[in-house]
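Remember, predicted model here, so these are calculated numbers, not experimental data.
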Amino acid sequence: MPQTSLGRRAYVKALGAGSVVSIAGCLGGDDSGSDDSVNIAIVYPVAGLGDQGFSDNAQVGLKQAEEELDITFAEGEPSSNSEYQDFHNQFAASQDPDYDLIIGLTFDQVTPIKNVSGDFSDQNWTLIDAAVQDRDNVSNISFTEHEGSYLAGTLAGHIATEGFESETASAPGEGVVGFVGGNRNPVIERFEAGYRAGVKDVDESIEFRSAYAGAFNAPDQGQSIAQSMYNEGADIVYHAAGGTGIGMFEAAQEAGRPALGVDTDQSVTASDYSDVIVASMLKRMDSAVYTTIENIVNDEWDGSSNVQLGLDDDAHELVYGDSIGDAVPDSAREMVDTARQQIIDGEISPPETVD
C-alpha cells in the first residue's frame, strides 16, 4: 500500500487548500494528456532516483497522483547543482506541454527557483524541503525533521544503554551512538539536532559521534564513516544521507550491529539490509508531493504558502523494522510513544540546530 494514505486529511488541512528528462532530451515527458489535463514537472536532487529513500518516496506520491488524479508528468534528474536552473528554466518555458506546476526538491534548489520564478510570474512552483521567500508563485513545504529524529534518538538511547539482541544484529549497550549526514545544510542539521537531543534525554552520558560525507550519493564514504563508528564501539548508527546511507547499512551488516533508516521504511525499500534495520524515521515526501498536486487539480493551491509539517500532521513516524523490529522491547516502544505525545503536546521541543 502506498504510504500516502497516512495523514492525508491532516496534510490537506495544513497545506490549505513519466519519463526521466535530461537537459539535452525531450522536455515533454509523458505529454500524452489532452490540452485540459494537468501537467506536472518535478526536479529531483542530484543524488536522484534509486536512493531507496527521499527521491524514490517523492516519486511514489507523483505516480499515485498520476493514477488517482489523472495527471501527466515529466521528471528531471540533474547530474550537478549547476543544472538545476536549466531544468527549471526549460520546464517553465515549455508550451507543449504547459506545466501547471513545477516541483523542486531540497535546499539546493532555493536559488535556482528564486531566479527563474521571477522571470516566469505566471508559472506555479512548489519547493519541498526548503523555502523561497517573497514569491507569490512559489509555495513552500518543509518538515520538522528534528521532531521525528528525536524519536529515533530515543530508541537509539535505549539501545545504547540497555543493549539490543536479535538473530542478525545485536548491540551490547556500550553507551555510544553515531550519526551519518550527507551534505551539511539546515535540513540535515535538524535531523542531527533532534536525534542528538533524543539520545541525550535518555542518558546524558551517552557518547555521540557525528560525521558528514559531503554528498548524498557516496555509499562508499557512508560505509567508511559508519564502519569507523562501529569499530569504535557504536551500538547503533542513524543516517540522513540519501544514497550515502546505503553504505552505512553495509557497515552495519559487517559489524552485526543495528542501524536506523530514514525517509521511508528502509527495511522494506532497502530490503537487502532488513536484517540490520531496527527502525526507520519516516518523512512523508510522498504525501507532500501528492497533496500539492491534488491542490492544483482542485484549484486549491496557494502560491504564497509556507507550511511546515510535523508529528501532529503524521508527517513523521518511527516504524520498526520488518525483520528485526519485533526484537525492540516494550520498554523502548513505550519511551518512543511517550516522547511522541510529549512533542505533540508541547512538553518537549527538540532543537533545530546542533548548537
- prompt: So Phe164 and Ile236, side-chain contact (heavy atoms from CB on, under 4.5 Å) or not? Walk me through it.
  reply: CA-CA 10 Å; Phe164 175 80; Ile236 188 167; over 6 Å; no

Mind checking whether [X] and [Y] have side chains closer than 4.5 Å, heavy atoms only?
X      : Y      : answer
Leu318 : Tyr320 : yes
Leu309 : Thr144 : no
Asp51  : Asn217 : no
Ile71  : Asn39  : no
Tyr195 : Leu260 : yes
Tyr212 : Ile188 : yes
Thr72  : Ile40  : no
Phe73  : Tyr99  : no

- request: Report yes or no: is the cationic atom of Arg196 (NZ for Lys, CZ for Arg) under 6.0 Å from the centre of the six-membered ring of Phe179, at an angle within 45° of the ring normal?
  value: no

task: May I ask you to establish whether Arg257 and Tyr230 are in a cation-pi arrangement, using a distance under 6.0 Å from NZ or CZ to the six-membered ring centre and at most 45° from the ring axis?
output: no

Under 3.5 Å: donor-acceptor pair, side chain of [X], backbone of [Y]:
X      : Y      : value
Asp286 : Ala58  : no
Thr154 : Tyr150 : yes
Asp313 : Ala315 : no
His316 : Leu311 : no
Asp312 : Ile344 : no
Asn185 : Phe107 : no
Ser228 : Ile225 : no
Ser117 : Ile113 : yes
Asp56  : Leu49  : no
Gln109 : Tyr84  : no

How far apart are the closest heavy atoms of [X] and [Y], and which atoms are they?
X      : Y      : result
Ala193 : Glu352 : CB-C, 3.7 Å
Ile42  : Leu62  : CG2-CD2, 3.8 Å
Ala156 : Val177 : O-CG1, 3.9 Å
Asn183 : Ala215 : OD1-N, 3.2 Å
Gln266 : Val262 : OE1-N, 3.0 Å
Thr126 : Thr292 : OG1-OG1, 3.1 Å

If we count only N and O atoms by modelled type, under 3.5 Å, do the side chains of [X] and [Y] hold a donor and an acceptor together?
X      : Y      : value
Gln85  : Asn115 : yes
Gln341 : Asp345 : yes
Gln59  : Glu75  : yes
Gln223 : Glu254 : yes
Ser267 : Asp265 : yes
Ser323 : Ser274 : yes
Gln90  : Ser94  : no
Tyr273 : Glu250 : yes
Asn124 : Asn137 : no

- prompt: Going through the checks in order, is the side chain to side chain donor-acceptor pair (under 3.5 Å) test met by Ser79 and Glu83?
  reply: CA-CA 7 Å; Ser79 59; Glu83 293 182 355; 3.0 Å; yes

field: Residue pair Phe87, Ile102: steps toward the side-chain contact (heavy atoms from CB on, under 4.5 Å) verdict
entry: CA-CA 10 Å; Phe87 272 99; Ile102 302 170; over 6 Å; no

Tell me whether [Y] is reachable from [X] by hopping between hydrophobic residues (I, L, V, M, F, W, Y) whose side-chain heavy atoms are closer than 4.5 Å.
X      : Y      : result
Leu127 : Phe120 : yes
Ile343 : Tyr238 : yes
Leu69  : Ile296 : yes
Met335 : Ile159 : no
Val202 : Val199 : no

How long is the span from the [atom1] atom in [X] to the [atom2] atom in [Y], to the nearest 0.5 Å?
X      : Y      : atom1 : atom2 : value
Ile293 : Glu66  : CD1   : CD    : 10.0 Å
Thr291 : Ile141 : OG1   : CD1   : 7.5 Å
Ser287 : Glu294 : OG    : CD    : 10.0 Å
Asp235 : Met229 : CG    : CE    : 13.0 Å
Asn140 : Asp129 : CG    : CG    : 11.0 Å

field: Verdict with supporting geometry, Arg135 and Val132, side-chain contact (heavy atoms from CB on, under 4.5 Å)
entry: CA-CA 7 Å; Arg135 289 284 190 270; Val132 171; 3.7 Å; yes

Does [X] [atom1] have over 12 foreign heavy atoms under 6.0 Å away?
X      : atom1 : value
Asp70  : CG    : no
Lys200 : NZ    : yes
Glu167 : CD    : no

- request: Please step through ring-ring contact (aromatic ring centres under 6.0 Å, His included) for the pair Phe191 and His239, ending with a clear verdict.
  value: CA-CA 9 Å; Phe191 277 102; His239 85 94; 8.8 Å; no

Is the shortest distance from a Lys or Arg side-chain nitrogen in [X] or [Y] to a carboxylate oxygen in the other one below 4.0 Å?
X      : Y      : result
Asp314 : Lys283 : no
Asp134 : Lys114 : no
Arg190 : Glu192 : no

query: Considering the options Val116, Ile103, Val43, which one meets the side-chain contact (heavy atoms from CB on, under 4.5 Å) requirement together with Trp125?
result: Val116

field: side-chain contact (heavy atoms from CB on, under 4.5 Å) assessment of Gln308 paired with Phe143
entry: CA-CA 5 Å; Gln308 189 174 57; Phe143 293 81; 5.8 Å; no

